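What follows is one structure encoded as structure tokens, with my remarks underneath.
Reckoned from all heavy atoms, side chains included, excluding hydrogens, waters and symmetry mates. Just so it is clear, the model here is predicted, and its values are computed rather than measured.
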Amino acid sequence: MFFINSFLGFLLETSLKYFVFHGVNNGILFGPWIPVYGFGAVIITFFGQFFYHKLKLSKLWKTIFLFFVFFLLLSLLEWVGGVLIEFIFHKEFWNYRNQKYNIGPYISLAMSLFWSFLSIIFFYFLLPLEEQIIKKIPRWFSILVLLLIVIDCILTCFVNF
């Protein structure tokens, strides 16, 4: 799940870079993956399934509750990711200071709402499809992708220091 969504995040950011936001950086690594999307998907899946099965509410109220949980968790993830990138690489890969209702450079109300909306779509529609695909991925392929990402992380650290 981490690898699939890191790759899907790369495709999303690359599309946004070419069609909408021409100055956007699409990740800190060299390969076609952006780990923050992988972490986000894992967080959404874990907390989404936990709360979805624990709450004794209608599907509508569960969805509203999950929207706000995802809002908080993904805002925190975006902030932590931004702070870590700045601390490790001394670079800012995104900056929301020019947006209304921002909290520092890494969190904005508009982006947090956008990520929460996408998370609901992911949780209800994309996740069930991914779970079927994941069952068919051979273990050796997952290990290979893990090795490639680790090598990419090491190369990224050497190039940026």
Side-chain angles (χ1 to χ4, degrees), residues 1-53 66 69-97 102-108 111-112 114-161:
M1 177 176 297
F2 175 82
F3 304 127
I4 290 171
N5 288 288
S6 293
F7 177 70
L8 291 175
F10 173 81
L11 293 178
L12 175 66
E13 295 253 340
T14 302
S15 299
L16 289 173
K17 178 180 181 177
Y18 288 109
F19 298 115
V20 182
F21 306 110
H22 301 289
V24 163
N25 285 319
N26 55 337
I28 60 172
L29 301 177
F30 296 110
W33 36 67
I34 301 177
V36 73
Y37 286 92
F39 288 119
V42 170
I43 288 169
I44 290 164
T45 301
F46 177 78
F47 285 98
Q49 289 178 346
F50 175 80
F51 286 119
Y52 191 85
H53 296 298
L66 288 176
V69 167
F70 296 157
F71 179 92
L72 293 172
L73 291 172
L74 296 178
S75 295
L76 180 63
L77 176 64
E78 193 162 30
W79 178 77
V80 168
V83 168
L84 283 175
I85 289 169
E86 186 176 359
F87 179 76
I88 294 169
F89 299 109
H90 309 290
K91 293 181 182 178
E92 233 177 37
F93 270 75
W94 66 92
N95 183 325
Y96 299 134
R97 285 187 184 103
N102 67 325
I103 300 174
Y106 304 122
I107 300 174
S108 81
M111 289 307 298
S112 293
F114 175 71
W115 295 129
S116 299
F117 176 73
L118 282 182
S119 297
I120 293 295
I121 293 171
F122 170 79
F123 185 75
Y124 284 108
F125 302 106
L126 189 57
L127 181 58
L129 296 173
E130 273 190 25
E131 288 173 336
Q132 296 302 314
I133 293 169
I134 289 169
K135 291 176 186 175
K136 297 176 182 176
I137 297 174
R139 185 174 180 84
W140 67 266
F141 186 77
S142 297
I143 292 169
L144 175 66
V145 174
L146 174 63
L147 286 173
L148 290 173
I149 289 178
V150 168
I151 291 168
D152 194 347
C153 289
I154 292 167
L155 287 174
T156 298
C157 287
F158 280 121
V159 169
N160 286 304
F161 285 118

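Taking every heavy atom of both residues into account, Leu29 and Pro35 meet most closely at CD1-CG, 3.6 Å. Nearest heavy-atom pair across Ser112 and Ser75 is OG-OG, 2.7 Å. Looking at every heavy atom in both residues, Gly31 comes nearest to Asp152 through N-OD2, 2.6 Å. Looking at every heavy atom in both residues, Met1 comes nearest to Ala41 through SD-O, 3.9 Å.
At least one side-chain heavy atom of Phe117 sits under 4.5 Å from a side-chain heavy atom of Ile121. Within the 4.5 Å cutoff, no side-chain heavy atoms of Leu118 are placed close to those of Leu74. Under the 4.5 Å side-chain criterion, counting only non-hydrogen atoms from C-beta, Phe47 is not in contact with Leu66.
Ring geometry for Trp115 versus Tyr37: interplanar angle over 60°, hence perpendicular rather than tilted (30 to 60°).
Rounded to the nearest 0.5 Å, atoms NE2 (His90) and CD1 (Ile85) are 13.0 Å apart. Taking OG1 of Thr156 as the start and CD1 of Ile149 as the end, the distance is 11.0 Å to the nearest 0.5 Å. Annotation: the span from Ile43 atom CD1 to Leu76 atom CG amounts to 7.5 Å, rounded to 0.5 Å. Rounding to the nearest 0.5 Å places CD of Glu131 at 5.5 Å from CD of Gln49. Here Ile107 contributes atom CD1 and Glu78 contributes atom CD; the two are 7.0 Å apart, rounded to the nearest 0.5 Å. Remark: Leu129 CG to Ile134 CD1 distance equals 11.0 Å, nearest 0.5 Å.
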Task: Worked verdict on Glu130 versus Asn5 for side-chain contact (heavy atoms from CB on, under 4.5 Å) - done: CA-CA 9 Å; Glu130 273 190 25; Asn5 288 288; 2.7 Å; yes
- [ ] Would you check, one step at a time, whether the test side-chain contact (heavy atoms from CB on, under 4.5 Å) holds for Phe70 with Phe123?
- [x] CA-CA 10 Å; Phe70 296 157; Phe123 185 75; 4.2 Å; yes
- [ ] Using the side-chain contact (heavy atoms from CB on, under 4.5 Å) rule, take Leu127 and Ile44 through it: C-alpha gap first, then chi angles, then the decisive distance, then the call.
- [x] CA-CA 10 Å; Leu127 181 58; Ile44 290 164; over 6 Å; no
Open item on the list: If you apply the rule side-chain contact (heavy atoms from CB on, under 4.5 Å), what do you find for Val80 with Tyr106, and how did you get there?
Closed with: CA-CA 9 Å; Val80 168; Tyr106 304 122; over 6 Å; no
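Looking at Phe2, Phe46, Trp33, Phe3 one by one, the single match for ring-ring contact (aromatic ring centres under 6.0 Å, His included) with Phe39 turns out to be Phe2.
Separation of the Tyr96 and Trp79 ring centroids does not fall under the 6.0 Å cut-off.
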